[in-house]
Amino acid sequence: MEVSARNSLKGTIKEIRPGAVNSEVILEIVPGVEVTAIITKESVEHLQLQEGKQAIALIKASDVIIATE
């Protein structure tokens with residue numbers, strides 16, 4: 001697989017929270033580090049996503065904002 005996104009994080013699907021139209025997919029990168037993506041239910045089905053399956057989060061953004069309190 002080749003993509004233009006420069007940031008990719010490989011992990012394991014920890015949880016899928018289905019909704020009426022979209023689902024939250026929680027990907028555990030390393031223990032205690034998670035990335036959550038909101039994708040369509042149709043995409044979850046098409047990609048045959050399930051808990052425990054390996055997946056890659058591709059991140060493509062023009063801006064990243066960092067804040068502290």
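If you read the sequence from its start, that first residue is 1, and numbering goes on from there.
In terms of heavy atoms, Ser8 sits closest to Leu58 at CB-CD2, 3.6 Å. Scanning both residues, Ser23 and Ile16, for their nearest heavy atoms gives CB-CG2, 4.3 Å. Glu51 and Glu15 get closest at one heavy-atom pair: OE2-CA, 3.6 Å. When all heavy atoms of Asn22 and Ile38 are compared, the closest pair comes out as CB-CG2, 3.7 Å. In this structure, Gly11 and Leu27 approach most closely via the heavy-atom pair C-CD1, 3.5 Å. Taking both residues in full, the closest heavy atoms of Gly19 and Lys41 are given as O-CD, 2.7 Å, listed atom of the first, atom of the second, then distance.
Heavy atoms of other residues, nucleotides or ligands lying less than 6.0 angstrom from CD of Gln54 number more than 12. Around the CD atom of Glu42, the shell of radius 6.0 Å holds no more than 12 heavy atoms that belong to other residues, nucleotides or ligands.
Grouping the Ile, Leu, Val, Met, Phe, Trp and Tyr side chains by contacts below 4.5 angstrom, directly or via other members, places Leu47 with Val25. Residues Ile59 and Val30 are members of one and the same hydrophobic cluster, defined by side-chain heavy-atom contacts under 4.5 angstrom among Ile, Leu, Val, Met, Phe, Trp and Tyr. Residues Val44 and Ile13 fall within the same hydrophobic cluster, defined by Ile, Leu, Val, Met, Phe, Trp and Tyr side chains chained together at heavy-atom separations under 4.5 Å.
The CD atom of Glu24 sits 5.5 Å away from atom CZ of Arg17, with the distance rounded to the nearest 0.5 Å. How far CD of Glu45 is from CD1 of Ile39: 10.0 Å, rounded to the nearest 0.5 Å. Separation of atoms CD1 (Ile56) and CD1 (Ile29) is listed at 10.0 Å; rounding is to 0.5 Å.
Proximity of Leu9 to Val33: side-chain heavy atoms (C-beta onward) are nowhere separated by under 4.5 Å.
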